[in-house]
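Report on one structure; see the data block that follows.
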There are 2 protein chains.
Amino acid sequence: MINKDSPIPIYYQLEEKIKGQIEQGELKTGDMLPSEREYADRFEISRMTVRQAISKLVNDGYVYRKKGTGTFVAEKKIEQPLQGLTSFTEDMKTRGMKPSNRLIHFRVVPATSYTASALNIDEGAPVYEIQRIRLADGVPMALETNYLSESLNPRLTEEVVQSSLYDFIENKLNKKIGEATQIIESSIVTEKEMELLEVKKGSPVLIIERKTYLDDGTPLEVVKSAYRADRYRFMINMKRN
Amino acid sequence: MINKDSPIPIYYQLEEKIKGQIEQGELKTGDMLPSEREYADRFEISRMTVRQAISKLVNDGYVYRKKGTGTFVAEKKIEQPLQGLTSFTEDMKTRGMKPSNRLIHFRVVPATSYTASALNIDEGAPVYEIQRIRLADGVPMALETNYLSESLNPRLTEEVVQSSLYDFIENKLNKKIGEATQIIESSIVTEKEMELLEVKKGSPVLIIERKTYLDDGTPLEVVKSAYRADRYRFMINMKRN
DNA sequence: GAGTGGTCTAGACCACCCC
DNA sequence: GGGTGGTCTAGACCACTCC
């Protein structure tokens with residue numbers, strides 16, 4: 001069950017094993033897990049290693065600990081929202097739809113004061129401005145405009161933005177995306193959005209403004225999107241501190 | 001600096017100490033932290049204890065690790081959004097506004113099929129239905145309707161809901177709130193919302209549907225809210241997995 | 001009192017990075 | 001080669017819960 005000679009860390013093997021038992025129904029909601037000491041004995045590993053595995057499961061909401069009592073399988077959440085930060089492309093794939101893009105423009109412009117302060121660069125410094133219609137199964141879902149520093153993201157081309165920007169950033173530029181802050185608000189379509197998104201005048205849209213950071217905290221991009229309210233709902237999961 | 005005889009765990013003392021140094025500017029963005037071994041030597045504690053402290057800081061985005069190189073202070077985020085799951089009351093206080101409520105109704109009704117499935121109770125079972133106008137500094141911000149199982153939340157009264165529901169749940173009923181999933185969408189006000197929120201016909205609203213769970217995964221409540229788009233923006237932070 | 005999770009120790013070997 | 005974080009061990013004592 002646990003291979004101590006494997007290059008895969010033991011805590012990770014155990015974590016996946018328990019997760020599997022929960023998903024397969026071998027461990028049901030409310031069941032008490034074997035104690036940490038029992039796992040340690042059974043697999044002849046240290047209790048600290050067991051704790052490392054279980055801690056991750058607690059963090060991900062699979063199980064919860066009760067001091068002096070034990071560790072238990074948490075109730076399954078019926079709807080599983082998007083976990084963590086995702087791109088439009090990843091988002092649509094998860095929802096079982098086929099993402100595509102229609103490029104409106106791809107150009108380099110001088111940073112406005114807002115963009116400059118968000119990206120932590122000088123005002124007027126060159127930034128890529130990428131505007132795209134994002135479609136799912138061929139239907140327009142959103143109008144999205146991205147701003148990225150030119151100097152920090154070389155080799156960005158029209159071809160790249162036809163597919164997935166995040167894929168390029170992570171796998172070609174080898175940068176690690178850390179987190180993002182998003183501001184979400186409700187609004188009514190502008191004239192331009194109305195045409196491009198193919199909706200009626202007065203239609204509601206979900207405006208999402210995202211700032212993405214690398215794992216060292218460097219700002220990566222600013223994105224402003226207008227999503228059709230009739231086609232898109234934003235789903236998130238939040239933890240109590 | 002570190003008190004080993006204190007009832008406060010050592011890892012927590014160290015975590016707070018480092019966090020303080022970052023916030024005070026003693027450790028600046030990009031600075032390398034002392035190595036784990038150095039912390040261990042300096043405070044005469046185990047390296048595993050140091051790792052426990054630093055792991056929390058990594059999780060909270062204060063620092064990041066680079067394998068084989070060191071641990072570094074991450075760039076400060078300029079805007080700090082709400083961290084984690086909060087109630088309207090807590091939310092408004094954080095934004096520096098004074099929250100208040102106007103109770104529309106407080107009653108017990110039989111669960112609809114939707115409410116029943118969300119709360120994991122039988123259809124027709126009694127649920128509290130609490131509808132309130134939520135105000136900030138006296139201005140209507142949102143119309144909110146909560147549904148909670150009556151049997152699982154005894155002693156809930158009109159008085160309680162005049163202040164903070166979460167405060168009551170956590171401190172009087174001693175239940176631990178775990179997490180929530182939220183669906184956010186954009187819409188146009190209904191007739192009823194229009195009157196109660198004091199906005200014009202055709203105004204956009206942010207619709208938030210929240211399901212809250214206790215830490216063992218038991219559903220606690222279902223909430224449907226309509227926020228005035230001109231007064232409220234939703235801000236969140238998401239991590240890349 | 002027995003069992004549980006929470007914290008902590010004093011080591012160890014590894015892969016990785018930089019010089 | 002020397003320093004770093006990543007993983008792991010085999011113990012220990014504590015507070016807490018349940019019987």
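All heavy atoms count here, side chains included; hydrogens, waters and symmetry mates do not. A, B, ... follow the sequence lines: proteins, then strands. Residue 1 opens every chain.
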Would you kindly give the CD1-to-P distance between B:Ile45 and C:dT9, to the nearest whole Å?
6 Å

Atom pairs, protein N/O to nucleotides 2-6 of chain D N/O, distance under 3.5 Å:
residue	atom	partner	partner atom	Å
D:dG3	N2	B:Gly68	O	2.7
D:dG5	OP1	B:Thr71	N	3.3
D:dG5	OP1	B:Thr71	OG1	3.0
D:dG5	OP2	B:Glu36	N	3.1
D:dG5	N7	B:Arg37	NH1	3.0
D:dG5	N7	B:Arg47	NH2	3.4
D:dG5	O6	B:Arg37	NH2	2.9
D:dG6	OP2	B:Arg51	NH1	2.9
D:dG6	OP2	B:Arg51	NH2	3.0
D:dG6	OP2	B:Arg65	NE	3.1
D:dG6	N7	B:Arg47	NH2	2.8
D:dG6	O6	B:Arg47	NH1	3.1

Hey, is the main chain of A:Lys211 close enough, under 3.5 Å, to the side chain of A:Gln182 for a donor-acceptor pair?
no

Answer yes or no: is there a donor N or O on one side and an acceptor on the other, between the side chain of A:Asp31 and the main chain of A:Lys28, under 3.5 Å?
yes

Write down the atom of B:Thr69, the atom of B:Met32, and the distance for their closest heavy-atom approach.
O-SD, 3.8 Å

From CG of A:Asp41 across to P of C:dT4 the rounded distance in Å is 10 Å

Which heavy atom in B:Asn120 sits nearest to a heavy atom in B:Pro219, and how many Å separate them?
CB-CG, 3.9 Å

Would a line drawn from the ring center of A:Tyr128 to the ring center of A:Phe106 be shorter than 6.0 Å?
yes

Is there a side-chain contact between A:Lys4 and the phosphate of D:dT9, meaning an N or O under 4.0 Å from OP1 or OP2?
yes

Can a salt bridge be assigned to the pair A:Arg210 and A:Glu144 using a cut-off of 4.0 Å between side-chain N and carboxylate O?
no

I need the CE-P distance between B:Met48 and C:dA10, as an integer number of Å.
14 Å

Rounded to the Å, how far apart are A:Ile2 CD1 and D:dT7 C1'?
14 Å

Round to a whole Å and report the spacing from OH of A:Tyr39 to C1' of C:dG5.
14 Å

For the pair made of CZ in B:Phe43 and P in C:dA10, what is the distance, rounded to whole Å?
16 Å

Taking atom C1' of C:dG5 as reference, at what distance in whole Å does atom CG of A:Asn59 sit?
16 Å

Tell me: CG of B:Asp5 to C1' of C:dT7, nearest whole Å?
14 Å

Indicate whether OP1 or OP2 belonging to C:dT7 is found under 4.0 Å from a side-chain N or O atom of B:Thr49.
no

